Amino acid sequence: MTEPVVYVFHHAAPIPVGHRVELQFFERDTGFFSVEYSEQLDMPLIRDLDTGIEYAPEWLFKREARDHLGPSSPRVLEMSPSVRPTRALTGTVVACRVVTGLVAADWTVFTYLTLHEEETRIYR
């Protein structure tokens with residue numbers, strides 16, 4: 001069996017040890033004066049395959065998904081057309097730690113997710 005890999009993410013994803021997960025990575029436009037796509041390694045869509053719960057950063061979804069709290073239409077679940085999937089991997093959670101820390105004078109949350117990886121798929 002391969003060594004476990006620790007992934008550090010910039011959002012909360014408290015997934016129990018023993019659960020299978022899928023991490024789906026995306027690239028988005030990060031250019032300032034021109035369009036420049038880059039993969040966002042610290043903010044994947046994390047899907048707990050045992051419960052079906054998904055953990056994700058808000059920029060993955062259409063703008064109206066962030067503008068309406070409370071009851072809404074299924075459109076809030078649609079992915080933004082400005083993001084592109086790059087790769088996905090599956091694995092089993094060996095350890096999970098959710099940490100709150102101070103970064104540049106702002107409080108933020110990090111998830112340290114340790115996985116035994118099973119499979120990787122590349123999208124291109």
Side-chain angles (χ1 to χ4, degrees):
M1 184 175 259
T2 61
E3 286 288 313
V5 178
V6 178
Y7 289 90
V8 181
F9 303 125
H10 213 99
H11 56 83
I15 301 173
V17 170
H19 282 215
R20 290 188 64 247
V21 295
E22 177 185 62
L23 308 180
Q24 189 171 4
F25 295 89
F26 295 84
E27 60 185 8
R28 68 175 171 160
D29 181 9
T30 57
F32 192 68
F33 294 110
S34 63
V35 176
E36 182 179 325
Y37 278 85
S38 62
E39 189 175 40
Q40 305 298 297
L41 296 174
D42 62 336
M43 291 186 271
L45 170 68
I46 304 168
R47 182 176 293 116
D48 183 329
L49 298 174
D50 291 325
T51 65
I53 297 172
E54 295 178 344
Y55 304 90
E58 50 84 23
W59 55 262
L60 278 177
F61 304 99
K62 288 187 173 182
R63 185 83 192 143
E64 58 267 17
R66 299 174 293 213
D67 294 340
H68 302 290
L69 297 177
S72 192
S73 77
R75 290 182 45 83
V76 300
L77 300 174
E78 294 177 10
M79 299 294 268
S80 169
S82 65
V83 300
R84 302 187 291 209
T86 56
R87 63 192 172 102
L89 63 90
T90 56
T92 302
V93 176
V94 176
C96 182
R97 177 177 291 164
V98 179
V99 176
T100 302
L102 195 60
V103 175
D106 290 324
W107 288 98
T108 190
V109 174
F110 300 93
T111 298
Y112 293 76
L113 196 61
T114 306
L115 301 178
H116 274 296
E117 293 181 5
E118 298 168 9
E119 174 190 355
T120 300
R121 293 183 313 280
I122 305 295
Y123 302 108
R124 291 287 169 198

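Owing to the predicted nature of the structure, the values given are computational and were not obtained by experimental measurement. Atom set for the values below is all heavy atoms of this structure, side chains included, hydrogens, waters and symmetry mates excluded.
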>> So does Phe25 get a backbone contact from the side chain of Thr86, meaning a donor-acceptor N/O pair under 3.5 Å?
In response: yes

Flag side-chain contact, heavy atom, 4.5 Å: [X] against [Y]:
X: Ile46; Y: His11; answer: yes
X: Cys96; Y: Thr111; answer: yes
X: Phe61; Y: Met79; answer: yes
X: Val6; Y: Leu113; answer: no
X: Tyr55; Y: Val21; answer: no

Rounded to the nearest 0.5 Å, what's the gap from [atom1] on [X] to [atom2] on [Y]? Could you check?
X: Leu60; Y: Glu78; atom1: CG; atom2: CD; answer: 13.5 Å
X: Thr108; Y: His10; atom1: OG1; atom2: NE2; answer: 3.5 Å
X: Asp50; Y: Ile15; atom1: CG; atom2: CD1; answer: 9.5 Å
X: Leu89; Y: Glu117; atom1: CG; atom2: CD; answer: 5.0 Å

> Honestly curious: do Tyr7 and Ile53 fall in one hydrophobic cluster under the side-chain, below-4.5 Å linking rule?
Replying inline: yes

> Is there a chain of hydrophobic side chains (I, L, V, M, F, W, Y, each step under 4.5 Å between heavy atoms) that links Val8 to Val109?
Replying inline: no

Any idea which heavy atoms bring [X] and [Y] closest together, and the distance?
X: His19; Y: Asp48; result: ND1-OD2, 2.8 Å
X: Ala56; Y: Leu45; result: CB-CD1, 3.5 Å
X: Ala12; Y: Val98; result: CB-CG1, 4.4 Å
X: Gln24; Y: Pro85; result: NE2-CB, 3.7 Å
X: Thr114; Y: Pro4; result: CG2-CB, 3.6 Å

